[in-house]
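All chains are named by letter (A, B, ...) in the order of the sequence lines, taking the proteins before the strands, and each is independently numbered beginning at 1.
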Amino acid sequence: MATELGPTPVKEPASGGTPIHHGPKGVGEDNAIASQGKWASWLLAPTIVALAIVIVYPIISAIVMSFQKDAGLDPVTGLFTEGGPAGFSNYTNWLFQQCAAPGGGTVACPPGTLGSQFWSATGTTFYFTIVTVTLETILGFWMAIIMARTFRGRSLVRAAVLVPWAIPTAVTAQLWLFIFAFEGIGNKLFNTTILWTGSEIPARWAVIIADTWKTTPFMALLILAGLQMIPAEVYEAAKVDGASAWQRFRMITLPLVKPALMVAILFRTLDALRMFDLPYILTEGSNNTTTLSILVVNQIRQGFNSAAALSTITFIIIFMVAFIFVRFLGANVVEQQTGAGKGKK
Amino acid sequence: MTAATELRAEQDRGRKAAQNREKWASVRTYVSAAVILFWCLAPAYWMVVTAFRDVGYTYDTSLLPTHITLDNFRTAFDTSFGNRFGQALLNSVFIGVTVTVISLVLGVFAAYALARLNFRFKYFVLGFILGASMFPGVALITPLFQLFTNIGWIGTYQALIIPNISFVLPLTVYTMTSFFREMPWELEEAARVDGCTQGQAFRRVIMPLAAPAIFTTAILAFISSWNEFLIASQLSNDATQPVTVAIANFAGAQPQQIPYTAIMAAGTIVTIPLVILVLVFQRKIVAGLTAGAVK
């Protein structure tokens, strides 16, 4: 119910300015909808056309490209190879980590080449996604619960959480790179001598910590919006009935905040799956911090069509995750957005 | 002891226990609030402290500001090591303003339709726009890179503005849609009953009410364009790069040594205006964020 958290809550959702909307379905309604539909299509046309140009056209063109061979010099034979239809070979090469062999055909990509990194990049991407979203959900929930309480200085806390959110990710990456420098404040404060960007586990955790810092506020604010939708009387009633704090949390807070929570988790998950800025700047993709997005960007200059296939695979992965969320985990985004849950269907 | 006094003593004990519990709960709240404040502000504080610290004391770890100087801000704008931070600032402002204006002009109509009109496929359109905003930028970069290479647009402003519209416009539409939905549209009807034409009612009644919503949306749109890095890192050149790219590639006198103090100064410059803007319009921004639900 995130949408209902307006600065000036209105008692009733705006009716769309159609008086007939409230009445029983009359004869005029179909006509009214038809005429509004005409208006709506004129008003929506510029946005739809713009999005078609900047999103739909590139997707289609990426898919077309992904079925073409990359033209260019063969790295092994030094001969110029023509482009031409590739069938699914760009896709299968990524999935099975195959590279072109000198005599035609394919061999397993040698370690270190981009072609050999598909599954490790996929693994890294999911590792980052699962760990950061889990951390952010727990921390965000905790922050939201604190911010929902009344205490002096609450507005200060609510303002402070916006600070990490307002700092550009590129700056965040440089800031944490400095904090995690060998002689930096991070090692000093915790009295450690970790070479943060030097090996796999610290490098990954440097990215995870920076990402958690940057995006937990967003999560906390979304959950807070959900918490504020719960009427205080519900808690009072439960208290009177003798429910413990834990019971109140489990039986009231969790189920009632779940719609907002699921949307927050969905948004964060989709965002984490395309993570690029932080590992690209913070660790430059070294030590197993190369995400799928970084792999695509590295591939672009080595062959558009192969990169197009990889970006299409990435897109399909993200789309599937979104589908699973909406279909099976009940993250109903559109309903949240339209406020149809308010009983005005 | 009579039953009455016993009962009173019992009640007293109960009240005291409840008071104690409350006291502890409030202590816990304040401690938690302090932890949140520290977690959110300490790294940002460190950026600002470092920005004002003499470069010779880059790794000084005293927590209070020491060796205060403005040199780092001069270094940030210095172009002798190939950095073009000043130019990048102008580029980011130019790109951000252009993207925001285009998105607002297009988006305001769409948001009005989605918030106020009933039509078929409304859910489909909303779903499409939401999906568009969640669209991975990396899926756009390859075809755009090839297209812009072919038509010679790599490094031009339009090559940076057009991809940004792909995620700023959807964000604009649904943030404004949820703001518009909560506006008191009855006032428009009332104005018309009082003799305004539809145009007058819109200009005199609705526009002033919608202005804060549009302004908040503009801030959110500008911030998301200002923060964009992936596409800009591939499609810009030295002359057109935005600040995010300039900061990521910031070079020092020695290639081995990262000029952290200058980078933190640059980071402070690009962050402080945003932070002030966000804090001033905090309530509206939070409403817009949670309505739109975007990073």
Side-chain angles (χ1 to χ4, degrees), chain A residues 2-3 5-7 10 14 16-17 33 36-37 40 43-44 46-47 50-51 54-55 58 61-62 143 146 149 151 157 159-164 166-168 170-171 174-175 178 183 185 188 218 221-222 225 267 270-271 274 276-277 281 293 296 300 304 307-308 311 314-315 318 333-334 337, chain B residues 29 32-33 36-37 40-41 43-44 47 59 61 106 109-110 112-113 116-119 123 126-127 130 132 134-136 138-140 142-146 162 165-166 169 173-174 178 181-182 185 227 229-230 244 247-248 260 263 267 271 274-275 278-279 282-283 286-287 289-291 293 295:
Chain A
T3 53
L5 198 240
V10 191
I33 288 190
Q36 290 200 356
L43 294 171
L44 286 166
T47 295
L51 289 180
V54 296
I55 295 183
S61 122
M143 286 187 184
I146 302 295
R149 292 188 186 151
F151 59 96
V157 176
V161 297
L162 284 171
V163 170
I167 297 181
V171 176
Q174 291 282 28
L175 172 58
F178 177 55
E183 300 164 89
I185 187 82
K188 173 78 194 280
F218 169 73
L221 290 172
L222 282 190
F267 280 149
L270 299 189
D271 212 35
R274 52 185 179 176
F276 175 80
D277 308 13
I281 300 171
S293 290
V296 173
I300 288 176
F304 290 142
S311 73
T314 309
F315 173 54
I318 294 178
V333 185
V334 173
Q337 286 301 318
Chain B
T29 304
S32 308
I36 296 176
L37 277 180
C40 290
L41 297 183
M47 173 170 82
Y59 293 105
T61 46
L106 298 180
F109 296 113
Y112 181 87
R116 284 271 285 156
L117 301 178
N118 280 316
F119 54 93
Y123 285 81
L126 263 172
L130 260 168
M134 283 288 109
F135 194 76
V138 75
L140 299 180
T142 315
L144 290 181
F145 194 97
Q146 194 204 28
I162 291 171
I165 290 174
S166 76
L169 178 56
V173 171
Y174 67 65
S178 46
R181 202 178 279 122
E182 284 169 356
W185 293 97
N227 289 355
F229 174 73
L230 193 163
T244 47
I247 287 179
Y260 282 118
I263 293 175
T271 302
L274 290 194
V275 169
V278 164
L279 294 187
Q282 184 198 343
R283 290 179 64 96
V286 170
L289 255 186
T290 50
K295 181 176 70 157

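- Both the backbone and the side chain of A:F304 come within contact range of chain B, with heavy atoms under 4.5 Å apart.
- A:Q174 places a side-chain N or O within donor-acceptor distance of the main-chain N or O of B:I247, the cut-off being under 3.5 Å.
- Under a 3.5 Å cut-off, the side chain of B:S178 and the backbone N or O of B:Y174 do form a donor-acceptor pair.
- Of the listed residues B:T244, B:T271, B:I165, the one with more heavy-atom pairs under 4.5 angstrom with chain A than any other is B:T271.
- Proximity to chain A is limited to the side chain of B:L144, based on heavy atoms less than 4.5 angstrom apart.
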Exercise for the section: Determine, stepwise, if the pair B:F229 / A:I281 fulfils side chain to side chain contact (heavy atoms under 4.5 Å, CB included). Expected result: CA-CA 10 Å; B:F229 174 73; A:I281 300 171; 3.8 Å; yes

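- For a residue to count as touching a neighbouring chain, one of its non-hydrogen atoms must lie under 4.5 Å from one of that chain's; by this rule A:I167 touches chain B with backbone and side chain alike.
- With respect to chain B, the highest number of heavy-atom pairs below 4.5 Å among A:P168, A:A62, A:A170, A:A50 belongs to A:P168.
- Looking only at distances, no side-chain donor or acceptor of B:S166 sits under 3.5 Å from a matching main-chain atom of A:I55.
- For A:T314, the part lying near chain B is the side chain, with the backbone staying farther off; criterion is any non-hydrogen pair under 4.5 Å.
- Ranked by non-hydrogen atom pairs under 4.5 Å with chain B, the options A:I185, A:L51, A:V171 are led by A:I185.
- Just one of A:V296, A:I318, A:L270 meets the side-chain contact (heavy atoms from CB on, under 4.5 Å) condition when paired with B:P136; it is A:I318.
- With a 4.5 Å cut-off on non-hydrogen atoms, A:L175 touches chain B through its backbone and its side chain both.
- In this structure, chain A has heavy atoms under 4.5 Å from both the backbone and the side chain of B:L230.
- The neighbour count for B:F109 CZ, taken as heavy atoms of other residues, nucleotides or ligands under 6.0 Å away, does not exceed 12.
- Interatomic distance, A:L222 CG to A:F267 CZ, rounded to the nearest 0.5 Å: 8.0 Å.
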